[in-house]
Amino acid sequence: MKNKLPADMKITDSVLRSFRVARTYRENAEKVNCVDFSPDGENAVSSSDDDCIVLYDMREGKHTRTLFSKKYGVDLIRYTHGDTHTVIYSSNKQDDTIRYLSLMDNKFIRYFPGHTARVIALSMSPVDDTFISGSLDKTIRIWDLRSQNCQGLTNPLGKPVCSFDPEGLIFAAGVESQAIKLYDLRAFDKGPFASFETRFNRVCDWTGLKFSNNGKQILVTTNGGMIRVLNAFSGAVLHTFSGYNNSKGISLEACFTPDSQFVMIGSEDGRVHVWSTESGMKVAVLDGKHPGPINTLQFNPRYMTFASACTNMTFWLPCVDEL
């Protein structure tokens, strides 16, 4: 699927406006919770409310396998660092243990127990086997894939969403939907080295936090029909984006493009909205013909394609003929 594109194509306003649905898959009976691309961009994995883990081959543009997590359910899912054959995932049934799964033989490699409430954030280090998790138990836990024991724990004094920076040295925590705290991974026990408050002008819960690939910006997503881009060093508000449909307070995922130049988010009417992080202007609205809200959205880290999902999983490509 990816090989149809020029290798040197840059992401621009016109390229984004040209994106069209390339493939739609209807493997799931219920909503897709999360989608992740492998670090090399060759594969994708999704989790859903029907307890399915669905694997996709991006080279061939096809669904390759479906695994099941009937006992535990599957909520957030992430490829591990540098590996296309293993994932970690959080559960939405039975318990709040994080599981480390081999996709090759569908067997658990390790369990990570400790959280006492639902895990709402899961971020894999981009450089090694470390990962962090944030939970409704108001803790952030630091883990190493090689040990089931928690390597560290911090209490940020509120419900935390969290994410690693692109170099794996710092992680950010969005706490109680009002403050961002930055931690040095090597000295997290000393508390945050920086903290800044940012409040939205309407009541909403923060649902996610992401760094841009250049490490200069932080994206805050909410369930309130608005998202915000902040300066990652000072906390200054660069842009607040709204004007997409989310009247029901759904947790809609947003993402940066790999070049950090654009932010995109789905909406409850099945369309994808795209803004420039430089100008703050909306540059595209793309209709994916989704029958329900786009809960999850991710841009491929290596290739010119992105995924959006409601109950259907859709992969997009730019239409070269329109450029």
Side-chain angles (χ1 to χ4, degrees), residues 75-76 78 90 96 114-126 130-143 150-242 246 249-256 260 263 265 275 277 280:
D75 191 10
L76 302 174
R78 303 281 184 260
S90 64
D96 303 294
H115 282 301
T116 57
R118 183 175 154 229
V119 173
I120 56 172
L122 196 58
S123 181
M124 190 77 217
S125 168
T130 307
F131 69 94
I132 56 174
S133 55
S135 165
L136 292 178
D137 64 15
K138 297 185 178 180
T139 67
I140 294 173
R141 288 178 179 262
I142 301 166
W143 311 88
C150 178
Q151 305 295 300
L153 182 147
T154 184
N155 294 282
L157 305 178
K159 183 179 72 173
V161 289
C162 55
S163 182
F164 271 109
D165 83 324
E167 296 181 343
L169 299 174
I170 291 167
F171 65 89
V175 184
E176 211 57 43
S177 301
Q178 62 185 31
I180 291 178
K181 300 180 180 183
L182 300 181
Y183 295 81
D184 184 328
L185 183 65
R186 297 158 298 187
F188 68 89
D189 52 330
K190 296 179 181 177
F193 66 84
S195 181
F196 28 84
E197 288 199 2
T198 179
R199 294 176 184 270
F200 289 82
N201 60 9
R202 65 180 77 156
V203 177
C204 57
D205 294 325
W206 294 8
T207 56
L209 199 72
K210 292 180 181 179
F211 279 89
S212 57
N213 270 355
N214 62 11
K216 295 179 180 179
Q217 302 165 88
I218 294 174
L219 173 63
V220 179
T221 54
T222 78
N223 63 359
M226 52 173 42
I227 57 178
R228 180 166 285 176
V229 179
L230 306 175
N231 180 299
F233 306 104
S234 68
V237 177
L238 301 177
H239 304 291
T240 300
F241 299 130
S242 58
N246 189 13
I250 301 168
S251 177
L252 303 174
E253 184 178 23
C255 70
F256 286 102
S260 309
V263 163
I265 190 170
W275 295 267
T277 56

Check: Would you say Ile180 and Ser195 make side-chain contact, with heavy atoms under 4.5 Å?
Finding: no
Item checked: Partners meeting side chain to side chain contact (heavy atoms under 4.5 Å, CB included) with Glu253 (sequence neighbours left out) -> Lys210, Thr296, Gln298
Next item on the list: Quick one: closest heavy-atom pair of Leu185 and Gly168, and the distance?
Entry: CD2-O, 3.6 Å
Margin query: So, using salt bridge (Lys or Arg N to Asp or Glu O under 4.0 Å) as the criterion, who are the partners of Asp96 when residues are at least two apart?
Written below: none
Check: Taking only residues at least two apart or on different chains, which pairs with a member in residues 214-241 satisfy salt bridge (Lys or Arg N to Asp or Glu O under 4.0 Å)?
Finding: none
Next item on the list: Could you tell me which residues satisfy salt bridge (Lys or Arg N to Asp or Glu O under 4.0 Å) with Lys181, sequence neighbours excluded, listed by chain and number?
Entry: none
Next item on the list: State which residues pass side chain to side chain contact (heavy atoms under 4.5 Å, CB included) with Thr207; sequence neighbours excluded, sorted by chain then number.
Entry: Thr221, Asn223, Ser251
Next item on the list: Could you go through the side chain to side chain contact (heavy atoms under 4.5 Å, CB included) check for Val263 and Ile227 one step at a time?
Entry: CA-CA 10 Å; Val263 163; Ile227 57 178; 3.6 Å; yes
Next item on the list: Find the distance between CZ (Arg202) and OG1 (Thr222) and round it off to the nearest 0.5 Å.
Entry: 7.5 Å
Margin query: Suppose we screen for salt bridge (Lys or Arg N to Asp or Glu O under 4.0 Å). Which residues come up paired with Asp184, at least two apart in sequence or across chains?
Written below: Arg186
Item checked: Pairs touching residues 157-178 that satisfy ring pair (Phe, Tyr, Trp, His ring centres under 6.0 Å), sequence neighbours left out -> Phe171-Tyr183
Next item on the list: Could you please spell out the steps behind the side chain to side chain contact (heavy atoms under 4.5 Å, CB included) verdict for Thr277 and Gln217?
Entry: CA-CA 9 Å; Thr277 56; Gln217 302 165 88; 3.4 Å; yes
Note to self: Restricting to non-hydrogen atoms, name the atom on Pro160 and the atom on Ala121 that form the minimum distance, rounded to 0.1 Å.
What the structure shows: O-CB, 4.4 Å
Next item on the list: Tell me, please, which residues at least two apart from Asn213 pass side chain to side chain contact (heavy atoms under 4.5 Å, CB included).
Entry: Pro258, Ser260
Check: Under the side chain to side chain donor-acceptor pair (under 3.5 Å) test, which residues partner Ser242, sequence neighbours left out?
Finding: none
Check: What closest approach, in Å, do Gly215 and Ala232 show between heavy atoms, and which atom pair accounts for it?
Finding: O-CB, 3.4 Å
Next item on the list: Output, in order, the C-alpha distance, side-chain angles, deciding distance and verdict of side chain to side chain contact (heavy atoms under 4.5 Å, CB included) for Thr198 and Val237.
Entry: CA-CA 8 Å; Thr198 179; Val237 177; 3.7 Å; yes
Notebook entry, point to check: Out of curiosity, Ile142 CD1 to Ser125 OG, how far, rounded to the nearest 0.5 Å?
Noted result: 11.0 Å
Notebook entry, point to check: Are the side chains of Phe188 and Ile140 in touch, meaning some heavy atoms are under 4.5 Å apart?
Noted result: no
Check: Among pairs that include at least one residue of residues 152-178, which meet side-chain hydrogen bond (donor to acceptor under 3.5 Å, both in side chains), considering only residues two or more places apart or in two chains?
Finding: Gln178-Arg199
Item checked: Separation between SG of Cys255 and CD1 of Ile265, rounded to the nearest 0.5 Å -> 9.5 Å
Next item on the list: Output every pair passing ring pair (Phe, Tyr, Trp, His ring centres under 6.0 Å) with a member in residues 207-240, not counting sequence neighbours, ordered by first then second residue.
Entry: His239-Phe241
Check: Where do Ser123 and Cys162 come nearest, in terms of heavy atoms and distance?
Finding: CB-O, 4.1 Å
Notebook entry, point to check: When rounded to the nearest 0.5 angstrom, what distance separates CG in Leu230 from CG in Leu209?
Noted result: 8.5 Å
Checklist line | Qualifying residues under side chain to side chain contact (heavy atoms under 4.5 Å, CB included), relative to Ser133, sequence neighbours excluded | finding: Ile98, His115, Val119, Leu122, Arg141, Trp143
Checklist line | pair Arg118-Asp75: side-chain heavy atoms closer than 4.5 Å | finding: yes
Margin query: A side-chain contact here means heavy atoms from C-beta on lying under 4.5 Å apart; do Ile132 and Met124 qualify?
Written below: no
Notebook entry, point to check: Could you give the distance from CG (Leu182) to CD1 (Ile170), rounded to the nearest 0.5 Å?
Noted result: 6.5 Å
